[in-house]
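Right, one structure below, let's go through it.
Counting convention: from 1, in listed order, for ligands and their atoms alike.
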Amino acid sequence: MMNQANHIAIIMDGNGRWAKLQDKKRVKGHEAGAKVVKEITKYCSNNKEIQRLTLYAFSTENWKRPRLEVEFLMKLLEKYLKDELPSYLENNVKFEAIGDIRAFSKSLQKTIKNVEEKTAHCDGLIQSLALNYGSQDEILRAVNSLKECDENITLEMINNALDCKRDVDLLIRTGGDKRLSNFLLWQSAYAELFFIDTLWPDFTCKNLEKIIQKFKKVERRFGGLK
Ligand code: FPP
């Protein structure tokens, strides 16, 4: 049986470098990156094998960036979510945020909640955006939420207390670096990792298609024998 890419997770890296290569400001790279998010989401929503697409949009560490870049990303996210609501509905995509969104402006939080509510009935692809997300922060919040519990904590209890409760099958990072940058560490325990040099704004559905084809042929053993 070939592998099924049920849950794909992507670290969308390289926006800044893409912009620099064309003598543009870094934020132009993020703008171009947002367009790719739309295309990849549409592609995944049309592929019945893919149930879940989780994208790293803003990490708990991204606050360290220059204030103007952070503000730009916040505005871009809010605009993206407002503009995309009709496409989510049209493509039967359910939107979910993972991460601690309490750190965002009231207005952005409201937009996130609104798109989550309006798409809650959609039963096609689930698009999860990781927003103010860090895997260690997610695990810490999960463990703290179990603090009052009298029984011994089980793996299942931790898993169910996480923002993202599904294992990743295929994790992709664009932009050439080979690291996980605090993204879905728990959920990627047995994920197949693919690193591609292409910068996120240049990433295409064709690139994704090729990666999925390779992934399908990998032998996954989950720690067991063949
Ligand atoms: C990494 O590129 C990308 C980010 C930190 C943010 C990801 C954001 C987007 C793809 C666009 C907005 C997303 C949505 C959902 C609207 P980088 O800036 O670290 O690039 P660099 O490594 O070349 O500097």
heavy-atom search around atom 12 (C) of ligand 1 in the protein gives Leu76 CD2, 3.8 Å
(message) Less than 4.5 Å apart, side chain to side chain, heavy atoms only: is that true for Trp186 and Asn159?
(response) yes
- Message: Looking at Arg173 and Asp13, is there a salt bridge between them, counting it only when a charged N and a carboxylate O are closer than 4.0 Å?
- Response: yes
Out of Asn62, Asp177, Leu199, the nearest non-hydrogen contact to atom 5 (C) of ligand 1 is supplied by Asn62
Quick look: Phe58 vs ligand 1, heavy-atom contacts under 4.0 Å, and the answer is neither
Worksheet item: Looking at Lys216 and Glu49, does any basic side-chain N land under 4.0 Å from a carboxylate oxygen?
Response: yes
for atom 14 (C) of ligand 1, nearest protein heavy atom and its distance come out as Leu77 CD2, 4.0 Å
SB check Glu116 Lys113 (cutoff 4.0 Å) = yes
Out of Val27, Ile10, Val37, the nearest non-hydrogen contact to atom 13 (C) of ligand 1 is supplied by Val37
re atom 7 (C) of ligand 1, the protein heavy-atom contact at minimum distance is Ala57 O, 3.5 Å
**OP:** Compute whether any side-chain donor of one residue and acceptor of the other, for Glu69 and His30, lie under 3.5 angstrom apart.
**Re:** yes
His30 heavy atoms within 4.0 Å reach ligand 1 at atoms 11 (C), 18 (O)
Q) Is a side-chain donor-acceptor pair under 3.5 Å present for Asn114 with Lys118? A) yes
Checking heavy atoms under 4.0 Å, the part of Arg26 that sits near ligand 1 is side chain
> So, Lys28 and Glu31, do they make that salt bridge, N to O below 4.0 Å?
Replying inline: yes
Heavy atoms of Gly33 and Asn15 approach each other most closely as CA-OD1, 4.2 Å
Margin query: Just so I know, are the side chains of Asp169 and Glu192 near enough to count as touching, which here means a heavy-atom distance under 4.5 Å?
Written below: no
Of all protein heavy atoms, the one nearest atom 15 (C) of ligand 1 is Leu129 CD1, 3.8 Å
Within the 4.0 Å heavy-atom cut-off, what Val36 brings close to ligand 1 is neither
In ligand 1, the atoms that come under 4.0 Å of a heavy atom of Asn15 are 2 (O), 3 (C), 7 (C), 8 (C), 9 (C), 10 (C), 17 (P), 20 (O), 23 (O)
Check your understanding: Would Gly175 count as a contact of ligand 1 if the rule is a heavy atom under 4.0 Å away?
Key -> no
Numbered in order shown, the ligand 1 atoms found under 4.0 Å of a heavy atom of Ala34 are 11 (C), 16 (C)
A student checking ligand 1 against Trp200 at a 4.0 Å heavy-atom cut-off should list atoms 10 (C)
**Gly33 N/O to ligand 1 N/O under 3.5 Å** = no
Check: Counting both backbone and side chain atoms, is some N or O of Tyr56 under 3.5 Å from an N or O of ligand 1?
Finding: no
Going by the 4.0 angstrom heavy-atom rule, the piece of Arg65 near ligand 1 is side chain
Item to check | Short N or O distance, Tyr80 and ligand 1, threshold 3.5 Å exclusive | outcome: no
Contact check, side chains of Ile112 and Phe95, non-hydrogen atoms, under 4.5 Å | yes
- Taking 4.0 angstrom as the limit, do Lys82 and Glu78 come out as a salt bridge? yes
Residues Ile212 and Ala5: closest non-hydrogen pair is CG2-CB, 4.4 Å
So the atoms of ligand 1 within less than 4.0 Å of a heavy atom of Met12 turn out to be 1 (C), 2 (O), 3 (C), 10 (C)
